[in-house]
Amino acid sequence: RETKMAYLTDSQIGEMADAAFTTYDVTCCWKAATRAAAEYAVDEFGIKPRKSAVLLAVKIAKLRWSAVSFKVKQLINN
């Protein structure tokens, strides 16, 4: 199946961020998470994502990870 270059929607980038987040949760490696986000777009949407879309998805995943980490620290300290 041939992949095409196309713009991704916010929802699709959010799904890529989910894939990156889950991969980081398992591997503790942002490089692997970045690869997972790109592969998710190819596998699920048939779209080869632009580098900017992949990096945005990873940035969103990092933001989510920071929020979860902050919440866990709060729970531990209370």
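Here the structure is a predicted model, which means the values were calculated and not measured.
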K.L.:
Rounded at 0.5 Å granularity, tell me how far OG in Ser52 sits from CG in Leu8.
P.N.:
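Separation between the atoms: 9.0 Å.
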K.L.:
Say you draw a straight line from CZ of Arg50 to CG of Leu55; how long is it, rounded to the nearest 0.5 Å?
P.N.:
13.5 Å
K.L.:
Go through the structure and list residues passing salt bridge (charged side-chain N to carboxylate O under 4.0 Å, His left out) with Arg64, not counting sequence neighbours.
P.N.:
Asp18
K.L.:
Which residue, Val54, Val58, Leu56, forms the side-chain contact (heavy atoms from CB on, under 4.5 Å) with Met16?
P.N.:
Val54
K.L.:
Can you confirm whether Pro49 sits close enough to Val42 that some side-chain heavy atom of one is under 4.5 Å from a side-chain heavy atom of the other?
P.N.:
yes
K.L.:
OH of Tyr40 to OG1 of Thr23: how many Å apart, nearest 0.5 Å?
P.N.:
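Taking OH in Tyr40 and OG1 in Thr23, the distance rounds to 11.0 Å.
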K.L.:
What distance separates Leu63 CG from Phe21 CZ, expressed to the nearest 0.5 Å?
P.N.:
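Here the interatomic distance stands at 10.5 Å.
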K.L.:
Determine whether Val72 and Trp65 fall in the same hydrophobic cluster, where Ile, Leu, Val, Met, Phe, Trp and Tyr are linked whenever their side-chain heavy atoms lie under 4.5 Å apart.
P.N.:
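Cluster IDs for Val72 and Trp65 match.
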K.L.:
Which distance, rounded to the nearest 0.5 Å, do you find between the CD of Glu39 and the OG1 of Thr34?
P.N.:
11.0 Å
K.L.:
Taking the side chain from Asn77 and the backbone from Lys73, do they hold a donor-acceptor pair closer than 3.5 Å?
P.N.:
yes
K.L.:
Grab the two heavy atoms, one from Ala37 and one from Ala20, that are nearest each other, plus how far apart they are.
P.N.:
CB-CB, 4.2 Å
K.L.:
Give, for atom CZ of Arg35 and atom SG of Cys29, the distance between the pair rounded to the nearest 0.5 Å.
P.N.:
6.5 Å
K.L.:
Kindly write out the residues that satisfy side chain to side chain donor-acceptor pair (under 3.5 Å) with Tyr24, not counting sequence neighbours, or none if the list is empty.
P.N.:
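If we apply the side chain to side chain donor-acceptor pair (under 3.5 Å) test to Tyr24, skipping adjacent residues, there are no hits.
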K.L.:
For Gln12 and Thr9, indicate whether the former's side chain and the latter's backbone hold a donor-acceptor pair under 3.5 Å.
P.N.:
yes
